[in-house]
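Report on one structure; see the data block that follows.
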Amino acid sequence: APDTSGTTLAAVSRSPWQVRYVGGVPQGNAVAVARDGAVFVSDRTANAAGDGALTRILPDGAVSHVITGETAEGIAIDERRGIVYVGNVNDGTVLAVDARTMQPLRRFRAVPRAYGLTLDPDGTTLYAVANQSATSPFAAPGYVAAIDVASAHPHVVRRSRSLRFPVAAALDVADGLLFVSDESADVVYVLRASTLRDAHAPLRTCDVPWE
């Protein structure tokens, strides 16, 4: 759990039960853990210039960073290729980072206000949430896009219908469903991952669902 207004990550272990704190994680937002135990955190603002970043904490406690773009948010890990994707909300890009070296591999245009990210199991399709709302200052409806990241030039191959104000997405591989939370409509959309069309009526949730 990152401190979104500080520089600390809290890690809770259950066996044995303990809490440890890791410093050097500025304004952490999303967290993803790789199979080798490395913890990746997106940092909304990492320096005086206002850049977003990706922080990596290794099992031995070593901390490293790489600047990603304007306001880093969503994270998705391609375990097979050792790539971490980071969505940058305020410049609409996604940065692919080498998980081992923490060096940028490539940056590509994604969707406006690229927020939540999730990746299919074979690492070829990245689902990106365009966190927009027609009733907000952004004055454009949000949606989810499927991006082909296996090609030399990543590009959107399909997109959902307009959604009120989507935030995060989670992929159900077994049933081929994509669940998308909406902080304004207070629902979770249920989309068919292969088409991004509705597979079920939206599910009512609590107020302002995020993750």
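- One finds the CG atom of Asp172 at 12.5 Å from the CG atom of Leu191 (value rounded to the nearest 0.5 Å).
- Looking at Thr205, its side chain does come within 3.5 Å of a backbone N or O of Asp186 through a donor-acceptor pair.
- The shortest side-chain heavy-atom distance between Arg113 and Val89 falls under the 4.5 Å cut-off.
- Within the 3.5 Å criterion, the main-chain N or O of Ile83 finds no donor-acceptor partner in the side chain of Asp78.
- In this structure, Leu119 and Thr125 have side chains that are not in contact, with every pair of non-hydrogen atoms separated by 4.5 Å or more.
- Atom CG of residue Asn90 and atom OG1 of residue Thr45 lie 9.0 Å apart, to the nearest 0.5 angstrom.
- Partner of Val25 under the side chain to side chain contact (heavy atoms under 4.5 Å, CB included) criterion, chosen from Leu9, Val31, Asp3: Leu9.
- When hydrophobic clusters are built by joining Ile, Leu, Val, Met, Phe, Trp and Tyr residues whose side-chain heavy atoms come closer than 4.5 Å, directly or via intermediates, Val12 is grouped together with Tyr21.
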Steps toward side-chain contact (heavy atoms from CB on, under 4.5 Å) verdict (Ile75, Val84) | CA-CA 7 Å; Ile75 298 177; Val84 181; 3.7 Å; yes

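- Minimum interatomic distance between Ala169 and Thr118 (heavy atoms only, all atoms of both residues): O-CB, 3.9 Å.
- Distance CD1/Ile77 to CZ/Arg35: 9.5 Å, rounded to 0.5 Å.
- Hydrophobic clustering (ILVMFWY, side-chain heavy atoms < 4.5 Å, transitive): Val129 and Leu163 are in one cluster.
- Within the 4.5 Å cutoff, side-chain heavy atoms of Asn88 are placed close to those of Arg107.
- Environment of CD in Glu211: sparse, with no more than 12 heavy atoms of neighbouring residues, nucleotides or ligands closer than 6.0 Å.
- Taking every heavy atom of both residues into account, Ala34 and Glu79 meet most closely at CA-OE2, 3.2 Å.
- A donor-acceptor contact shorter than 3.5 Å is absent between the side chain of Asp148 and the backbone of Pro154.
- Closest non-hydrogen pair, Thr93 versus Arg109, comes out as CG2-NH1, 3.5 Å.
- When atom types are taken as modelled, the side chain of Thr7 and the backbone of Gly23 share no donor-acceptor pair closer than 3.5 angstrom.
- Contact annotation: the side chain of Pro121 approaches that of Leu171 to within less than 4.5 Å [non-hydrogen atoms, C-beta and beyond].
- In terms of modelled atom types and a separation under 3.5 Å, the side chain of Thr68 and the main chain of Leu95 share no donor-acceptor contact.
- Hydrophobic clustering keeps Val86 apart from Leu105 (ILVMFWY residues linked when any side-chain heavy atoms are closer than 4.5 Å, directly or through intermediates).
- Side-chain heavy atoms closer than 4.5 Å link hydrophobic residues (I, L, V, M, F, W, Y) into clusters, and following such links, even through other members, never connects Leu58 to Leu54.
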Criterion side-chain contact (heavy atoms from CB on, under 4.5 Å) on Val167 and Asn131, from CA distance to verdict = CA-CA 6 Å; Val167 180; Asn131 178 234; 4.1 Å; yes

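- A 6.0 Å sphere centred on CZ of Arg106 holds more than 12 heavy atoms belonging to other residues, nucleotides or ligands.
- In terms of heavy-atom proximity, Leu126 sits nearest to Val94 at CD2-CG1, 4.1 Å.
- Looking at every heavy atom in both residues, Val187 comes nearest to Arg204 through CG1-NH1, 3.2 Å.
- Nearest heavy atoms, Arg158 versus Leu196: O-CD1, 3.7 Å.
- Screening Val144, Asp182, Leu178 against Tyr189 for a side chain to side chain contact (heavy atoms under 4.5 Å, CB included) leaves a single residue, Asp182.
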Show your reasoning for whether side-chain contact (heavy atoms from CB on, under 4.5 Å) applies to Asn47 and Ile67.
-> CA-CA 9 Å; Asn47 57 26; Ile67 296 299; 3.6 Å; yes

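- Distance check: Thr71 OG1 to Gln27 CD gives 9.5 Å after rounding to the nearest 0.5 Å.
- Under the 4.5 Å side-chain criterion, counting only non-hydrogen atoms from C-beta, Leu177 is in contact with Arg192.
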Audit row: Gln132, Tyr115, side-chain contact (heavy atoms from CB on, under 4.5 Å) steps and yes/no = CA-CA 9 Å; Gln132 300 185 115; Tyr115 204 90; over 6 Å; no

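- No more than 12 heavy atoms of other residues, nucleotides or ligands lie within 6.0 Å of CZ in Arg197, so this atom counts as exposed by the packing criterion.
- The closest side-chain heavy-atom distance from Thr55 to Pro26 is below 4.5 Å.
- By the 6.0 Å contact criterion, NE2 on His200 is open, its count of non-hydrogen atoms from other residues, nucleotides or ligands being 12 or less.
- The closest side-chain heavy-atom distance from Tyr127 to Val180 is not below 4.5 Å.
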